[in-house]
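Report on the following structure.
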Amino acid sequence: MAASSNSSLSGSSVSSDPDDYQPPIWKSYLYQLQQEAPRPKRITCPQEMESRPKYYGREFHGMISRDYADELLAGKEGAYLIRESQRQPGTHTLALSFGHQTLNYRLFYDGKHFVGEKRFESVHDLVTDALITLYIETKAAEYIAKMTTNPIYEHLGYTSLLKDKMVHRLSRGRTEPRRVTFQSDDRISSPVVRRSALKETPEKLSSYEKIHNFKVHTFRGPHWCEYCANFMWGLIAQGVRCSDCGLNVHKQCSKLVPSDCQPDLRRIKKVYSCDLTTLVKAHNTTRPMVVDICIREIELRGMKSEGLYRVSGFSEHIEDVRLAFDRDGERADISASAYADINIIAGALKLYLRDLPIPVITFDLYSKFIQAAKLPNAESRLEAIHEGLLQLPPAHYETLRYLMAHLKRVTTLEKYNLMNAENLGIIFGPTLMQPPELNALTTLNDMRQQKLVVQLMIEHEDVLF
């Protein structure tokens, strides 16, 4: 948001009608304090120091005492110099005059200058940022402590309007998870009996929530926090920005922002290896478009292909499909004229699922599904898998539901493609679920359970989802 549109008033004017929404009025107090902060004044050494490191300038005074540094800086607010420590030769101290006293900081250099987390191109920039921070935190400590207590974020018209539109779009196309109970006195081998064994119970509706992907950011020019409406002070790394939606907030405010990230397609650089929920929210879909488009193409011309999903396509062509999705999104051409071998499309789908940073069956639920597969009783096993499915993030649940329905249709043509639920379980088990920690022994030991989980989800797809 442009700094020129920011006002000096401290209130905000938000209409209940989204069409009448006006941007909030930003609070200028901290901005005014930054303008008042002392400016850095370099105290230069009158003589050339042979021991001066090449990355310091004339502000380096060599090995002088702390008392002498105090004398050089006395009465000069914002003045600074660098000295070599007498107690620890070879180490350097930044001496800075602020608040009528000398502050001493251990100074480091690793290609950039730093005394804490922030790293600077020059000592002058470091001191400038330090003086701003010291001045604001001294003058406005109580104000800063309270600035998150009356946030504007939840009242922003554009935020609530965007959220309402997104929920409406998603709710039209999404299948909500059903909670079912598997009756112990019924057999589950027959689809007819399975359907009669269902006992529907109320289930709290889930929404496509997504946490913000905040990263420390340096803002060029004045910027205001979109959570508390206060100025983000400092020279660099003044706050954090969500790399998915572009929300700019103070670091301390980021801990209070709700999980309502609405990813912006312009910020999503690729399709493959992108978080599943991020991708579907960015595209306003219920499932990743890669899954929809690949399955649609496979069901159009490949369902009777022998060894479907088992036979590998040419790896270079699979990589071409990945690049096409990353470059062209839903306009990617994967038709028969582009890729005659359906195994290339099947391979591209498996690659997408395998490359997800968080698997379809999430890391935190991995052990729950593995333990479910180890249960000796068939009904208990299905019940445990069903409970695990209900805990999946909505976008993961919907993707898994759609994929299992497709794989179920693949098995109905087993006499042509030679692929049954067990075979598909062997293929998709390690693709859809991976242990939280990469451990070859764990993966090897869990392969049987991974296969069984997917096999059961295919065989009982009509009940589990």
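This is a predicted model, so every value here is computed, not measured.
- Here the shortest heavy-atom pairing between I334 and Y339 reads CA-CD1, 3.9 Å.
- Using modelled atom types and a 3.5 Å distance limit, the side chains of E137 and T133 yield no donor-acceptor pair.
- Judged by distance alone, the side chains of Y143 and N230 do bring a donor and an acceptor atom under 3.5 Å apart.
- Across all non-hydrogen atoms, the minimal contact from G302 to I342 is CA-CG1, 3.8 Å.
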Run the numbers on H217 and F219 for side-chain contact (heavy atoms from CB on, under 4.5 Å), then give the verdict.
CA-CA 6 Å; H217 189 77; F219 298 95; 3.4 Å; yes
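- In this structure a side-chain-to-backbone donor-acceptor pair under 3.5 Å is missing from D328 to R331.
- In this structure, the separation between CG on L389 and NZ on K368 is 10.0 Å, given to the nearest 0.5 Å.
- Using a 3.5 Å distance cut-off with no hydrogens or angles, the side chains of Y135 and E36 do pair a donor with an acceptor.
- For CG of L375, the number of neighbouring non-hydrogen atoms (other residues, nucleotides, ligands) closer than 6.0 Å is greater than 12.
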side-chain contact (heavy atoms from CB on, under 4.5 Å) for Y402 and T286? Distances and angles first, verdict last.
CA-CA 10 Å; Y402 189 75; T286 56; over 6 Å; no
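- Taken from CD1 in I358 to CD in Q434, the straight-line distance is 11.5 Å, to the nearest 0.5 Å.
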Start with the C-alpha distance between F465 and Y397, add both sets of side-chain angles, then the distance that settles ring pair (Phe, Tyr, Trp, His ring centres under 6.0 Å), and finish with yes or no.
CA-CA 9 Å; F465 294 93; Y397 176 92; 5.6 Å; yes
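- Within the 3.5 Å criterion, the main-chain N or O of R287 finds no donor-acceptor partner in the side chain of T399.
- A distance of 8.5 Å separates CD1 of I385 from CD1 of I361, quoted to the nearest 0.5 Å.
- Considering only heavy atoms from C-beta on, F108 stays 4.5 Å or farther from T91 through its side chain.
- Looking at H212 and D260, their side chains do bring a donor and an acceptor atom within 3.5 Å of each other.
- When atom types are taken as modelled, the side chain of H396 and the backbone of T277 share no donor-acceptor pair closer than 3.5 angstrom.
- A donor-acceptor pair under 3.5 Å is formed between the side chain of T431 and the backbone N or O of I427.
- The backbone N or O of L235 sits less than 3.5 Å from a side-chain atom of D129, completing a donor-acceptor pair.
- Smallest separation of non-hydrogen atoms from P288 and L279: CB-CD2, 4.1 Å.
- A side chain to side chain contact (heavy atoms under 4.5 Å, CB included) with L464 holds for exactly one of E383, R401, M457, M404; it is M457.
- Looking only at atom types and distance, the side chain of Q450 has a donor-acceptor partner in the side chain of Y366 under 3.5 Å away.
- With sequence neighbours excluded, the residues that form a side chain to side chain contact (heavy atoms under 4.5 Å, CB included) with V115 are Y105, L107, L126.
- Sorted by first and then second residue, the salt bridge (Lys or Arg N to Asp or Glu O under 4.0 Å) pairs involving residues 337-360 (not counting sequence neighbours) form an empty list.
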Working note: Y31 + W233, criterion ring pair (Phe, Tyr, Trp, His ring centres under 6.0 Å); need CA distance, chi angles, decisive distance, verdict.
CA-CA 7 Å; Y31 176 72; W233 66 90; over 10 Å; no
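- Between the side chains of Q238 and H223, not a single donor N or O lies within less than 3.5 Å of an accepting N or O.
- Between V454 and G429 the shortest heavy-atom distance is CG2-CA, 3.6 Å.
- Listed by first then second residue, pairs satisfying ring-ring contact (aromatic ring centres under 6.0 Å, His included) with a partner in residues 259-306 read Y272-Y352, not counting sequence neighbours.
- For G347 against I318, the heavy-atom pair with the smallest separation is CA-CD1, 3.8 Å.
- When side chains are defined from C-beta on, N104 does not count as touching L96, because their heavy atoms never get closer than 4.5 Å.
- Within the 4.5 Å cutoff, the side chain of P263 has heavy atoms near those of the I268 side chain.
- Checked by atom type and distance alone, the side chain of E77 pairs as donor or acceptor with a backbone atom of G99 at under 3.5 Å.
- Counting heavy atoms from C-beta outward, N417 and E306 have side chains that stay 4.5 Å or more apart.
- Counting heavy atoms from C-beta on, the side chains of R310 and N423 never come closer than 4.5 Å.
- Judged purely by atom type and a 3.5 angstrom limit, K251 has no side-chain atom pairing as donor or acceptor with the backbone of A237.
- Residue K41 places its NZ atom among more than 12 non-hydrogen atoms of other residues, nucleotides or ligands, all under 6.0 Å distant.
- Counting only heavy atoms from C-beta outward, the side chains of L103 and L134 approach each other to under 4.5 Å.
- Put simply, the side chain of L94 does not reach to within 4.5 Å of the side chain of R106, judged on heavy atoms.
- The aromatic rings of Y109 and Y55 sit parallel, their planes meeting at an angle under 30°, below the 60° perpendicular limit.
- In the model, Q391 has no side-chain atom that pairs as donor or acceptor with a side-chain atom of E387 under 3.5 Å.
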Going through the distances and angles, do V249 and F214 end up as a side-chain contact (heavy atoms from CB on, under 4.5 Å)?
CA-CA 9 Å; V249 296; F214 286 120; 3.7 Å; yes
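- Side-chain atoms of E422 do not come within 3.5 Å of backbone N or O of Q455 as any donor-acceptor pair.
- Note: F98 CZ to T138 OG1 = 4.0 Å, rounded to the nearest 0.5 Å.
- Salt bridge D244/K210: present, at least one basic N to carboxylate O contact under 4.0 Å.
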Test log, rule ring pair (Phe, Tyr, Trp, His ring centres under 6.0 Å), inputs F428 and Y309
CA-CA 9 Å; F428 281 92; Y309 290 115; 5.1 Å; yes
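- The two residues L382 and L456 make their nearest non-hydrogen contact at CD2-CB, 4.3 Å.
- Relative ring orientation between Y56 and H92 is described as perpendicular, the plane-to-plane angle rising above 60° on a 0-90° scale split at 30° and 60°.
- Heavy atoms from other residues, nucleotides or ligands lying under 6.0 Å from CD of Q35 number more than 12.
- The closest side-chain heavy-atom distance from R42 to V127 is not below 4.5 Å.
- With a 6.0 Å radius and a threshold of 12 heavy atoms from other residues, nucleotides or ligands, R448 has its CZ atom at or below the threshold.
- Atom NZ in K146 sits 11.5 Å away from atom OG1 in T148 (nearest 0.5 Å).
- With hydrogens and angles ignored, the 3.5 Å screen pairs a side-chain donor or acceptor of R39 with a backbone N or O of A37.
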Walk me through it: do F325 and C294 pass the test side-chain contact (heavy atoms from CB on, under 4.5 Å)?
CA-CA 11 Å; F325 276 116; C294 287; 4.0 Å; yes
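- Rounded to the nearest 0.5 Å, atoms NZ (K139) and CD1 (I144) are 13.0 Å apart.
- For the pair R409 and E461, the salt-bridge criterion is not met [side-chain N within less than 4.0 Å of a carboxylate O].
- Side chain of S122 to backbone of D125: a donor-acceptor contact under 3.5 angstrom is found.
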